[in-house]
Every structure is written in structure tokens, then in C-alpha cells.
Amino acid sequence: MQKENTYLSDIPTGEEAIITKVLGHGAFRKRITEMGFVKGKKVKVIKNAPFQDPVEYEIMGYKVSLRHSEAELVEVVSIEEAKNLSGISFQGTIDEETLKVSALKKGKIINVALVGNPNCGKTTLFNQSSGSHERVGNYSGVTVDAKVVEVAHQGYVFKLVDLPGTYSITEYSPEELYVRTHITEQKPDIIINVIDASNLERNLFLTTQLIDMNIKVVIALNMYDELKKTGVDFNHKALGKMIGIPIIPTVASKGKGVEKLFDKLIEVYEDRDATVRHIHINYGEVIEKAINEIQTEIWKSPRIRDKYSSRFIAVKLLETDRTTLQILEKYDNFEQIKTVAKQSIAKLEKEYKEKSETVITDAKYGFIDGALKETLRQPKPDKLKTKRDFDTVLTHKFWGFPIFLFFMWLMFQATFTLGSFPMSWIDSGVGALSDWLKNTMAEGALRDLIVDGIIGGVGGVIIFLPNILILFFFISFMEDTGYMARASFIMDKLMHKIGLHGKSFIPLVMGFGCNVPAIMATRTLENKKDRILTMIITPFMSCSARLPVYVLIISAIFPANQGIVLFSIYFFGILLAIITALIMKKIAFVKKEVPFVMELPPYRLPTLKNTSSHMWHKGKEYLKKMGNVILIASVIIWALGYFPRNISLSRNYDVEIANLKADNSIRNDLKAKLIMQTEIEKSSEIQEKTYIGRMGHAIEPILRPLGFDWKMGVSIISGLAAKEIVVSTMGILYQADENADENSETLKTKIKEQKHSSGVLQGQTVFTPLVSFGFMLFILIYFPCIAVIAAIRKEANWGWAIFTMVYTTVIAWLAAFATYQIGSLFI
Ligand code: GDP
Ligand code: MG
């Protein structure tokens, strides 16, 4: 056995050493290399007392202090050692260069460990590599031991260790513990993960654990001859890119690929390999949240963070790993970490009704499934799969897509048919409440505020809560069963065509319910550009708040073609999203594609309770929106339409009405009609002269080219707060009763009969089919709503939020303009 490594912390005060390697993780590694702690540099110890922090060093003429724990992560050779290495025997001064050269020589030793399942060919590979080389040694453990050999290749010396075979790196068997301790304590520079190519799924499980450990790995895809024989088509290069680990096919028994493997080790060691990338296995929302909670606690102790990957520690704690607990014992916040971990585990186990370890294992197999699904073509269906058998159907090349479309159809169908029952209950409840208040409260501004402003506004919106909850229930159910992951998988190819990928699909589907949780769901996308692109096209997914406007207009203006018109609006939104994505991909989101694994979690039958709670989690945002944004907006819109109170009217309507009543020369039915007409004219003039009416008139010139009147302008302004308000505003302006909803017959009639009151179109019908269609497109496309903008600002930044406001509104105007102007040429 060779002498163990020396670390900077071992060097006594006053002495010097040469750095050979910097260990450790993340921010620490970055900081320390920026300070100049890089291979070949000389460090002088200014002050180093054992157990005393900090330690002081001089490097490149600067004095820096490090914690003892940090100095433990810098591997060095002492001057003594360097002299030996360079073969200089005389005492006296040695020039810097000689020392550096000898330090680098030390750096030219690459420590490599062979890790893999039993019988995957590790020993065969080890023997092949050592070949004629002598010096095979032994690392002895308590019950297991490992062979070591030094192999020279391309100017490097590889110290190769053949570790015992294991299926996993936990702590259940002495072998596992041995492998694990070797990796964490000896810290090999690179791991060769030997994989039996004829049994990929099981062998890759160990790989997922190595990925979590965030260490350099090269995969030897051994038994490649066996794989070839079975006729399986395996794209190992694609897999390597996805998981960020170079994969080299080998046939260890024939010595094939071994040379290449060693070349690759050098490339990886020198950081020259482009494939190497640290990826995170996505464990799914619930586990990721648990990981994050534990990490937050770990980060409070920088000493742990410097030495270990906090994500790895967190995952291990969730696996109730005792060894990890032992490692953490010596740190100050051990108790807190333990408590947080315990709570997280309890939460996980309650959610899944399974041991947290099992949950994690399942998630890891989901990762492997997803990775292999894209890279491995079996010549015949895999017989071993039991629970995963569904996949052959659900992600089938031909059947997958129609099945998926069927589920989507089912979801929307259920949302609207099931939703219509509670919808009418709430509707009549809200109506009863406002009637009751109207009768009990004294007449005045307060009553009007409560009845017309608050109940009229919020009540009109709360009607859609059942639909939203049902939609979210379906989405949660599909997520919880694992089908949503398959849906993303099926959509992946199509989504790639527009510069997105399968994972963007879930937020987009959610967008049909409410854009706010949809924007939040973009968090599951790893890549920032993907996140933003998904966010800015999500508003084109017509959310349920826009539906009432369509229902109102379509039933009034297009009674004969309701279905097809509604479909065309939704379709136009999707089309617009695709076009936007394509353009954005060309101009703002040009990027190098980084392939990644789409996890295919195991199918589960979720409990009603879990799915309901997930539904609630998503629906909460919608309720919050009602409690604040919509409430405030309703009051503002109401007030703008209520004030000023002292309007001077152009005619004395009251006198006219009194005269009409007194006039006995008119037939009674005609008289009633005339009185009604005058009353409407009166309230219409009042409306026009309130603040909101003036605002509508102010923007009329902009909307005139679209064929819109000022009332539509006001509705559009009110929709800035929330699109639900558009219908209630139209109800107020077009003078139906105050609690107008889209089913109101009077409102429908009023809309049909509406005439332009001024301008070139005076006297002509407002809602022609062209204007109506343009209006619906405008409502679909323009400014999503305040809550969505707030969500985009939170998930991206102000810039993107403002961008979304502006570009959606501009496109909305253009679409309505084109509909009206081009359509007018033909009709
Ligand atoms: P270990 O348990 O991982 O050390 O596996 P071994 O090196 O002992 O190999 C197990 C068996 O697989 C031996 O019989 C080897 O000859 C055989 N073997 C190793 N590599 C290959 C290979 O690439 N192709 C084939 N066909 N057999 C191999
Ligand atoms: Mg062996």
C-alpha cells in the first residue's frame, strides 16, 4: 500500500507545500480556486494550530485564512515529498519550477475505482487493464477486500481499485458499506461504473446513486457482445448525453474497448469531455420539496456543504440512512437536520403510504425507465415488467396519441358537464344572497357597493370554482397516477418541433384551467429558457375565466354553430402559442439542445385524499385571486361606473316618462315600451358620463378600427383585472339585470340589438359576426390578467412580465383588426 494522501491541514506552521488537487463541492470549490488554490501552486502555512480555526496561509503573495475543515479538502505534497518525487537528494534550495513539476507528477496519479453489480465483469476488466503489470496489492477490510493495481497509460499512472460487486450503495451488506466508504473517504478521482449491458435496468440503479453523489463517473458498458447478440438497439451515446456520463462499450473478456476507456478517463480527469455534466434526478414534486427542506437546513452549516453534496445527503437522509446520520453527528446543527429529516420522512410516508426508501427507489426506477424508453429498442416486449405493462399501450407508437387525446377530451368534457351542476347551485345561491341583501339593507351607496360591486363581481367569478376544481382534480389525478409523465413523453417529439419539450406540456394543459398555477408549474422545467418560453405562451391557452365571454357571445351571435366557433377560438389560441414559440425559438431562445431524462415514475393508484389535497393546492391560488385581485377590481369597476353621482343629463328623462305615463292617447303596450325605452336611454346616458364611460370613450379611437364600441372598450379595460369581470361589466353596461351572467336571456337579446351610438357606424349593429369573433379573439389574446402577470414576474422577472403585457395586447389588436378589416372585404 502506498502512503495516504497529505492535505493542507496536515502541514505545520511555517512550512510550505504544493497543491495537487482541490476536493470538495459547489460554492466552496469555486471560491477556493478563485483564491488561487489550484494545482501546482505553492502555499505557505502562516499559522496552523490543531483544532483551532481559522488557519492562515500565504498563496501567491496573499494571506488568506481558511477553516480547518476547508484545508482538509486541499490535497498537497509537502516540500519533502516533492523532493523525493523529483529524485533530488541534496539538501538546500530547490527552485520553484522543479517543485511544480514534481507536484504535477504527483497529480498525474489518477485514482480510479471500479464499481458495479456482481458479475458485470469488473474483475475481468481489472485483470485486462493490469495485464502484465506487476504490483497488484490488496486493500483489506473486515470481511471484504479489494485489489489495487497501478497501470500506466498516456503519461498518467492509474491507481485502479477493484471494489466488491454491489447492487446499490447503501449500508445493508459489508460490501455495500465498503464501496461506499471507499468512495466517500478515499475520494477516487473517477469512478468506472461497470454495467452489464444485457441487464441495463437493474445495473443503472447503482448509476443513479452515483449521480446523486455528484462525482466523476465513466460508464464501461460491458458485455457489449451479449447486447449485440440479442438484437437490441441501444443508443448509448444518447443515454450518456442525457445523464451527463460518458459511456464506453467494452467487452472485458476480450479486452475490447479497454484502451478507449482509459483514454476517456484522461479526458474526464482533465475536464476535456463535453458529455460530463452533473444532472439532478427529478424525484417528483413531493420528494423534491422534502429534499429542499433538508438542504435548507444543511446549508446552515457551511462545513457540511463544502465537503458533501447537500442533495446527496438529503436524499440519503430520506432513505433513512444511518451512516449519513453518523457522518453528520459532529456538526452543530445535527439535531435540527435530524428533526427536519424526520418530519419530511413522515410527510412522505403519509403521502405515499410506503417507506420513504421505497418511494425513492421507485422514483429512481422511474428515471431509468424514462432514460431507457428513449434509447433502448427491445426486439420484443420486455416480459419482466409487471406494473409497467401499461406502458406498452399508453406510450405506444401509434395508440399512445389517440389514447392521450381521448383522456384530454374526457377531462374537458367532465369539467364542463359535471361542473354545470354545482355551477347552477352557486349561481342561485349568489342570486338569493343578493336579493336578500337588497331587501334587508337600506337603500344607498353601501348597499349598491355590496350587492352590485362585491357580490356582483366576486359572485360572478365564484361560479367557475367547481369547473376549476374539477379540472385540477383531473390534472392532479393524472399526475399522481403517473400518466401525466407519459403524456409528456408522448408529446415530447411534437413539442421539440416548437423548441420546447414534453415537460412543458403539463403547464400548458393546466393553462386551460387557470394560467396562474400553470405558470407556477413551469418550475418543473430544469432549463431557464424552457421555463420562460413556456411561461410566455401559456396565456394563449384559453383559461376558464375567458369561457363565459365566449359562451355569451356565441350563444347570442352564433346560435347555429356554437361548438365549431368555440373550438376555433381555443384552436386559434393553441396555434398562436405554436407560432409564438417558433418565432421566439428563432430570435430569443436560440440554444444548444441538452438532452435529459424524462422520468417515468411507476403507476400508482392515488388515494382520493392525496389527489384532493393536490387539487386543493392548485385551486388555492385561484381562490386567493378571488379574495384579493378580483374583489378589489370589482369594487373599482363598480365605483368607476357609480361615480360621479351628480351628472347633468341632456334631457329631462323623468319629466318625459311622467308625460308618457299621463298621455292617454297611446296604446298601453306601446306606452310601456316607450317608457322602457326612455328609461334605458337615461341609464345609458348616465353610464356614458360616469368615469368608466369616459374611459371607454377615451380609448374608442383605438378600438374603432376593430369595429368595437366604447362599451366593449370598458369591458376590455375591466378584464385587465380578471377576465371573469368582462361578462359582469358587459352585464352592467348593456343594461340587463345587475346579476348578469352568460346565460341571461335579456343580456343576450340586448347584445344582439346593440347599435353604435356615435361615429360613422352610428345606428348600425355593433355585434356583427365579424366584430363578435374579433372581440372573442381579443379577449382570448390580450393582457392575461393581473394575477398571471404577477406570477410571471415572480417566476421570471419584471422584464418578462412587461413583455407579456405588451406583446399579448398588440397581437390581440392585430388579430381583431385583421378579422374585422379582412372579413369586411368579403362580407
Ligand atoms: P465481477 O463479479 O464484476 O468481478 O465479474 P467477473 O469479472 O468475475 O465476470 C463475470 C463473468 O462474466 C466471467 O465469466 C467473465 O468471463 C464474464 N465476462 C466479463 N466481461 C465480459 C464481456 O464483456 N462479455 C462476455 N460475454 N462475458 C464477460
Ligand atoms: Mg469480481
Side-chain angles (χ1 to χ4, degrees), residues 111-133 135-151 153 158-170 172-183 186 188 190-210 215 217-237 239-240 245-265 368 372 375-376 378-379:
N111 293 301
V112 179
L114 287 162
V115 176
N117 289 8
N119 293 316
C120 63
K122 290 181 302 303
T123 306
T124 316
L125 187 62
F126 179 85
N127 291 335
Q128 275 291 345
S129 324
S130 52
S132 56
H133 297 276
R135 291 187 69 183
V136 174
N138 245 322
Y139 271 142
S140 303
V142 185
T143 55
V144 277
D145 54 16
K147 281 204 190 113
V148 208
V149 73
E150 285 187 10
V151 184
H153 183 81
F158 289 86
K159 227 167 115 183
L160 196 63
V161 187
D162 181 20
L163 293 173
T166 55
Y167 293 109
S168 160
I169 312 176
T170 43
Y172 287 115
S173 65
E175 286 83 8
E176 284 183 10
L177 202 56
Y178 188 91
V179 169
R180 178 170 167 176
T181 321
H182 184 90
I183 296 175
Q186 304 285 323
I190 308 175
I191 303 278
I192 299 179
N193 180 202
V194 185
I195 279 179
D196 174 355
S198 58
N199 195 344
L200 286 168
E201 195 180 5
R202 197 192 61 203
N203 277 257
L204 282 171
F205 184 74
L206 189 62
T207 314
T208 60
Q209 292 176 322
L210 295 171
I215 40 180
V217 179
V218 172
I219 288 177
L221 185 65
N222 199 33
M223 313 252 184
Y224 199 65
D225 51 338
E226 298 278 326
L227 182 87
K228 284 274 154 214
K229 248 186 260 166
T230 55
V232 173
D233 175 16
F234 178 47
N235 187 349
H236 67 269
K237 288 207 179 97
L239 179 70
I245 298 176
I247 300 180
I248 308 295
T250 57
V251 182
S253 50
K254 299 212 177 77
K256 281 190 190 163
V258 179
E259 195 83 8
K260 256 197 169 156
L261 181 67
F262 277 80
D263 289 345
K264 190 50 86 182
L265 290 175
I368 296 168
L372 291 182
T375 51
L376 187 67
Q378 298 278 6

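Every number for a ligand or one of its atoms is a count from 1 in the order of the listing. Source: prediction; values computed, not measured.
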Is the ring centre of Tyr167 less than 6.0 Å from the ring centre of Phe205? no

Report the part of Asp225 (side chain from C-beta onward, or backbone N, CA, C, O) that has a heavy atom under 4.0 Å from ligand 1; answer both or neither where that applies. side chain

Sort out for me which residue in Thr375, Leu239, Leu221 forms a side-chain contact (heavy atoms from CB on, under 4.5 Å) with Leu200. Leu221

I'd like to check Leu163 versus Leu114 (side-chain heavy atoms, cut-off strictly below 4.5 Å). Are they in contact? no

Taking only residues two or more places apart in sequence, or in another chain, which ones meet Glu259 in a salt bridge (charged side-chain N to carboxylate O under 4.0 Å, His left out)? none

Look only at interatomic distance and state if Tyr224 has a nitrogen or oxygen under 3.5 Å from any nitrogen or oxygen of ligand 1. no

For ligand 1, indicate whether the residue Lys254 contacts it via side chain, backbone, both or neither (heavy-atom separation under 4.0 Å). neither

Would you say Val251 has any N or O atom under 3.5 Å from an N or O of ligand 1, going by distance alone? no

Of the non-hydrogen atoms in Leu160 and Phe126, which two are nearest, and what is the gap between them? O-CE1, 3.4 Å

Gly165 near ligand 1 by a heavy-atom separation under 4.0 Å: no

Short N/O distance, under 3.5 Å, between Leu125 and ligand 1? no

At a 4.0 Å threshold, what atoms of ligand 1 neighbour a non-hydrogen atom of Ala252? 20 (N), 22 (C), 23 (O)

Nearest 0.5 Å, please: how far is CG in Asn222 from CG in Asn193? 11.0 Å

Which part of Pro118 is near ligand 1, with near meaning a heavy atom under 4.0 Å away: side chain, backbone, both or neither? backbone

Could you tell me which residues satisfy side chain to side chain donor-acceptor pair (under 3.5 Å) with Thr170, sequence neighbours excluded, listed by chain and number? Ser168, Glu176

With atom 17 (C) of ligand 1 as the reference point, say which of Lys122, Lys256, Met223 has the nearest heavy atom. Met223

Compute the minimum heavy-atom distance from Gly116 to ligand 1 and say whether it is under 4.0 Å. no

